[in-house]
Amino acid sequence: MRKNLIAMFALLVLSASVLGTAVFAGPAGFGGDWRVVVSVDDQKTYVFQKGALVREMICSTGLLNGNYDTPLGDYILNESGQKRGTYFYSKKFGAGAKWWVGFIGGTWLFHSLATDEAGNIIQEEAAKLGQPASHGCIRLSMENSKWFYDTVPDGAKVHIQKEAFLK
């Protein structure tokens, strides 16, 4: 009986692994074990490694006004290998952020809460975490953006959807 249970468990794990990588498989050694799902309705970001949920984070996606919506669809995190950094500042928007990684070139990013030119958190913007607030990027808390920057590898698959994500 125990051997049958172990065999069934192994088959279940193998099946889940195969199904999980069939949809989000990337080139070997290039983030293929990782995927990120963002739900605009939930204002949450989910990070998976080898099909297992590693981290669930509250986020802020783009303002839902037709100008700053976060683009829905499937992307590859930092596909060029050159869109990752520790700080930026945009004079156009009067705000910057720390620990950023691009998912569509350097235009749309995962990054920290908005900061001023000196790198200080803009408190009015920080209070908006968990609701649409950005210019299309995906904002994460300072702690979560640092974790994302340090942990999620280039080449990870990114899926951004409007509807709630069912775990």
Side-chain angles (χ1 to χ4, degrees), residues 12-27 30-80 83-84 88 90 93 95-115 121-167:
L12 179 65
V13 170
L14 180 61
S15 297
S17 173
V18 169
L19 290 175
T21 56
V23 176
F24 293 97
F30 191 67
D33 289 341
W34 292 83
R35 71 178 170 113
V36 178
V37 177
V38 177
S39 166
V40 173
D41 283 353
D42 289 341
Q43 293 295 293
K44 288 197 176 174
T45 298
Y46 305 88
V47 178
F48 297 85
Q49 183 183 25
K50 296 182 179 178
L53 180 64
V54 175
R55 199 158 179 130
E56 178 178 327
M57 302 172 279
I58 296 172
C59 67
S60 287
T61 59
L63 294 166
L64 303 173
N65 63 8
N67 294 318
Y68 296 119
D69 300 271
T70 298
L72 305 177
D74 295 304
Y75 309 98
I76 296 176
L77 193 67
N78 193 19
E79 189 170 21
S80 71
K83 303 298 181 189
R84 183 181 286 265
F88 75 88
S90 168
F93 295 116
K98 296 181 178 182
W99 306 298
W100 59 272
V101 185
F103 63 90
I104 302 178
T107 305
W108 282 277
L109 313 169
F110 287 89
H111 63 69
S112 74
L113 299 171
T115 62
I121 296 170
I122 300 171
Q123 293 303 323
E124 315 81 83
E125 293 299 315
K128 298 175 186 176
L129 190 63
Q131 58 189 309
S134 77
H135 296 105
C137 292
I138 298 163
R139 292 182 187 170
L140 302 167
S141 71
M142 300 308 270
E143 176 188 342
N144 284 330
S145 62
K146 177 77 165 90
W147 178 88
F148 191 94
Y149 176 85
D150 288 340
T151 307
V152 183
D154 296 343
K157 300 294 184 181
V158 175
H159 178 73
I160 303 171
Q161 62 187 46
K162 181 186 178 324
E163 51 283 320
F165 178 70
L166 303 175
K167 293 183 242 176

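Everything quoted here is computed from the prediction, not taken from an experiment.
The residue from Asn144, Ile121, Ile122 that alone fulfils the side-chain contact (heavy atoms from CB on, under 4.5 Å) condition with Leu113 is Ile121.
A heavy-atom distance below 4.5 Å is found between the side chains of Leu140 and Thr45. For the pair His159/Arg35, no side-chain contact is recorded, criterion being any heavy-atom separation below 4.5 Å from C-beta on.
The aromatic rings of Phe110 and Phe148 lie parallel to each other, their planes meeting at an angle below 30°, with 60° marking the opposite boundary.
Summarising the geometry of Ile76 relative to Lys157, their closest heavy-atom pair is CD1-NZ, 3.7 Å, with the distance given to 0.1 Å. Between Val152 and Ala156, the shortest heavy-atom distance links the atoms CG1-CB, 3.8 Å. Between Tyr75 and Phe103, the shortest heavy-atom contact is CB-O, 3.4 Å. The shortest heavy-atom contact between Phe88 and Ala95 is CE1-O, 4.4 Å. Summarising the geometry of Arg84 relative to Val101, their closest heavy-atom pair is NH1-CG2, 3.6 Å, with the distance given to 0.1 Å. Residues Leu64 and Pro132 come closest through the heavy atom pair CD1-CG, 4.0 Å.
We find the CG-NE2 distance between Leu109 and His135 to be 12.5 Å, quoted to the nearest 0.5 Å. Distance CH2/Trp147 to CZ/Arg55: 5.5 Å, rounded to 0.5 Å. Between atom OG1 of residue Thr151 and atom CH2 of residue Trp34 there is a gap of 6.0 Å, rounded to the nearest 0.5 Å.
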Show me the donor-acceptor pairs within less than 3.5 Å that the side chains of residues 123-131 make with the rest of the protein, sequence neighbours left out.
from   : atom 1 : to     : atom 2 : distance (Å)
Glu125 : OE1    : Arg139 : NH1    : 2.7
Glu125 : OE1    : Arg139 : NH2    : 3.2
Glu125 : OE2    : Lys128 : NZ     : 3.0

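Around CD of Glu56, the count of heavy atoms belonging to other residues, nucleotides or ligands within 6.0 Å exceeds 12.
Within the structure, every pair that satisfies the side chain to side chain donor-acceptor pair (under 3.5 Å) test and touches residues 58-69, not counting sequence neighbours, is listed here: Gln43-Thr61. A side chain to side chain donor-acceptor pair (under 3.5 Å) check over residues 102-115, counting only residues at least two apart or in different chains, returns nothing.
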